[in-house]
Structure formats: C-alpha cells, structure tokens
Amino acid sequence: MRQKVTSKEQILDAAMEIAIREGVDHVSVRKLASACGIAVGSMYNYYPDKETLIEAVAEQFWGRILSDQEKLYRRGMEFTLFLEQYYGFLYGRLSRYDKSWLAQMNGRTKKREALCLLREVLDADSRVNPAIWNMELNQDTFVDYVFVNLMALLQAGENNCRFFIFLLEHLLYDV
C-alpha cells in the first residue's frame, strides 16, 4: 500500500519522479494524487493548479541540470569557446531525459540565470568587436537569440553546435 504523502516537498518529489520517468508532459494531478495516496481535491491545497505544479517541477529539474554551470567559465575565455563547452554540458546532462523538458525552460528563473551567465561571459570577452552592437543588435537580444538557438539544437538532438559557433565567431570577432 502506498504511503500517504502530506507535504508540499514530498508531492513535488513525487511529481518529479513521474516527470523523469514518463516525461513532464505526462504529469497529471490525478496521477500524482494516486502516487501520493491522497485525494485529487487535496492536491489543490498544495498547488492551486497544474500549471503551478509544473512550474515547480520544471524549476527543480532545471536547477539540477544547471547546477554548477558557472564552473565552466574561466577568466579570459572567449564567448564562443565557453558556448561550445556549455552546449556539451547541457547535451550531456539532458541526453537521458525526455525532450519535453526543453519546452519547460521558457520564462523560468533558471533561464534568467543562464542568460545572465551568458551575458557575463560575453561582456568579459575582450575579442568581441564592439562595433557590432547597435539598437537592433544589443548584448541582451544577442544572448537571448543564442540561448534560443542552443535550445533548438538540443531539441533537434544535435550532438554539437560547431556550425552555430562558426557563425557566431564571424559575427563577434574580426576573423
């Protein structure tokens, strides 16, 4: 018999188990309530709706995936070298999970952290040609564009981002 789960953290852990086992798209309040041994209605005492629950699950998942991402950066490292290593880092950590997790990255706290890290590395790269920045192309829009494309490459299952890096090198540096 299932043990009754009674804390928000335990419910989140159970939801995470379902999401990792079956994919985040397969988490349902009914399935989770059954796994926790509580009534479906009781779930809403912990999470007001499925969207809030999925946000919490995604935040926990991406927190695990992105933990220690900042350790990839070394002082003086070029942005494109960092980006290639960052992609390998993400590819390696995400390869054993369902691709539905990639869609859960949009608008999350962890995405903002990743964008801040990319911006920090970009700003520290002394090789970047400052003349490329203008009203249409600034560092924030560039970093967002880079991140979106990394996620698209991961979604496509590409094992490297070398061609993308090649394009970025021609944009950023006097090659």
Side-chain angles (χ1 to χ4, degrees), residues 12-13 15-27 51-175:
L12 182 58
D13 289 343
M16 185 64 122
E17 286 178 28
I18 293 169
I20 287 173
R21 186 176 59 247
E22 300 177 29
V24 70
D25 293 339
H26 296 283
V27 175
E51 183 179 309
T52 305
L53 171 66
I54 296 301
E55 284 176 17
V57 169
E59 201 64 23
Q60 185 177 60
F61 175 82
W62 282 103
R64 290 178 185 174
I65 294 296
L66 297 176
S67 68
D68 67 351
Q69 66 179 341
E70 66 284 344
K71 291 181 182 176
L72 294 170
Y73 177 68
R74 291 178 312 282
R75 193 173 150 99
M77 180 182 252
E78 290 179 1
F79 179 75
T80 53
L81 177 59
F82 171 80
L83 203 58
E84 193 166 6
Q85 291 180 5
Y86 190 68
Y87 186 82
F89 168 84
L90 290 174
Y91 183 84
R93 289 194 173 185
L94 291 168
S95 63
R96 63 179 176 248
Y97 297 107
D98 184 90
K99 289 185 180 181
S100 63
W101 286 105
L102 292 166
Q104 296 301 323
M105 183 52 138
N106 294 330
R108 308 273 187 243
T109 303
K110 298 303 174 188
K111 179 183 177 183
R112 287 190 295 277
E113 289 175 14
L115 291 173
C116 285
L117 175 61
L118 292 176
R119 175 65 193 265
E120 182 182 321
V121 175
L122 178 67
D123 289 345
D125 187 349
S126 61
R127 278 200 59 215
V128 173
N129 178 0
I132 66 169
W133 308 124
N134 57 45
M135 289 181 62
E136 285 84 30
L137 179 63
N138 62 51
Q139 292 90 332
D140 288 330
T141 57
F142 176 76
V143 164
D144 192 53
Y145 173 80
V146 166
F147 189 79
V148 165
N149 279 278
L150 290 180
M151 292 294 116
L153 288 167
L154 288 166
Q155 183 71 41
E158 295 293 330
N159 64 356
N160 70 65
C161 62
R162 194 65 212 129
F163 182 73
F164 186 51
I165 296 295
F166 173 81
L167 295 175
L168 294 177
E169 287 172 344
H170 281 74
L171 173 68
L172 293 172
Y173 309 127
D174 293 325
V175 181

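No experiment lies behind these values; they were computed from the predicted model shown.
- To the nearest 0.5 Å, the span separating CG on L90 from CG on L72 amounts to 8.5 Å.
- The CD atom of E22 sits 10.5 Å away from the CG atom of D98 when rounded to the nearest 0.5 Å.
- N149 pairs by the side chain to side chain donor-acceptor pair (under 3.5 Å) definition with nothing, not counting sequence neighbours.
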Item checked: Verdict with reasoning, V128 to E78, per side chain to side chain contact (heavy atoms under 4.5 Å, CB included) -> CA-CA 9 Å; V128 173; E78 290 179 1; over 6 Å; no
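- When all heavy atoms of L115 and F147 are compared, the closest pair comes out as CD2-CB, 3.5 Å.
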Notebook entry, point to check: Under the side chain to side chain contact (heavy atoms under 4.5 Å, CB included) criterion, do L94 and L102 qualify, and how do the steps go?
Noted result: CA-CA 9 Å; L94 291 168; L102 292 166; 3.7 Å; yes
Which atom pairs, one a donor and one an acceptor, fall under 3.5 Å between side chains of residues 134-146 and the rest of the protein, sequence neighbours left out?
unit_1, atom_1, unit_2, atom_2, d
N134, OD1, E136, N, 2.8
N134, OD1, L137, N, 2.8
N138, OD1, D140, N, 3.0
N138, OD1, T141, N, 2.8
N138, OD1, T141, OG1, 3.3
D140, OD1, R119, NH1, 2.5
D140, OD2, R119, NH1, 3.4
T141, OG1, N138, N, 3.1
T141, OG1, N138, O, 3.0

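- When all heavy atoms of L118 and F79 are compared, the closest pair comes out as O-CE1, 3.4 Å.
- Considering all non-hydrogen atoms of both residues, K110 and L66 come closest at O-CD1, 3.7 Å.
- One distance of note links CD of Q85 with SG of C161; it measures 10.5 Å at 0.5 Å rounding.
- With rounding to the nearest 0.5 Å, the separation of CZ in R74 from CZ in F82 is 10.0 Å.
- A donor-acceptor pair under 3.5 Å is formed between the side chain of R93 and the backbone N or O of I65.
- What you find for I165 and R162 is that their closest heavy atoms are CG2-NH1, 2.9 Å.
- Summarising the geometry of D25 relative to S100, their closest heavy-atom pair is OD2-CB, 3.2 Å, with the distance given to 0.1 Å.
- Classification of the Y86-F89 ring pair by plane angle, with boundaries at 30° and 60°, yields parallel.
- Nearest approach of Q69 to L117, heavy atoms of both residues: CG-CD2, 3.6 Å.
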Next item on the list: Output, in order, the C-alpha distance, side-chain angles, deciding distance and verdict of side chain to side chain contact (heavy atoms under 4.5 Å, CB included) for M77 and V121.
Entry: CA-CA 8 Å; M77 180 182 252; V121 175; 5.6 Å; no
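- Note that the CG atom of L172 and the CH2 atom of W133 stand 5.5 Å from one another [nearest 0.5 Å].
- With values rounded to the nearest 0.5 angstrom, T80 atom OG1 is found 10.5 Å from L122 atom CG.
- Side-chain atoms of N129 do not come within 3.5 Å of backbone N or O of D174 as any donor-acceptor pair.
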Next item on the list: List the steps, then state whether salt bridge (Lys or Arg N to Asp or Glu O under 4.0 Å) holds for K111 with E59.
Entry: CA-CA 9 Å; K111 179 183 177 183; E59 201 64 23; over 6 Å; no
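- Between E55 and Q60, every side-chain heavy-atom pair lies at or beyond the 4.5 Å cut-off.
- Listed for the Y87 side chain is a donor-acceptor partner under 3.5 Å among the backbone atoms of L153.
- For the 3.5 Å distance criterion, the side chains of Y173 and D125 qualify, holding a donor opposite an acceptor.
- Using a distance-only test at 3.5 Å, with no hydrogens or angles considered, a donor-acceptor pair links the side chain of W62 to the main chain of W101.
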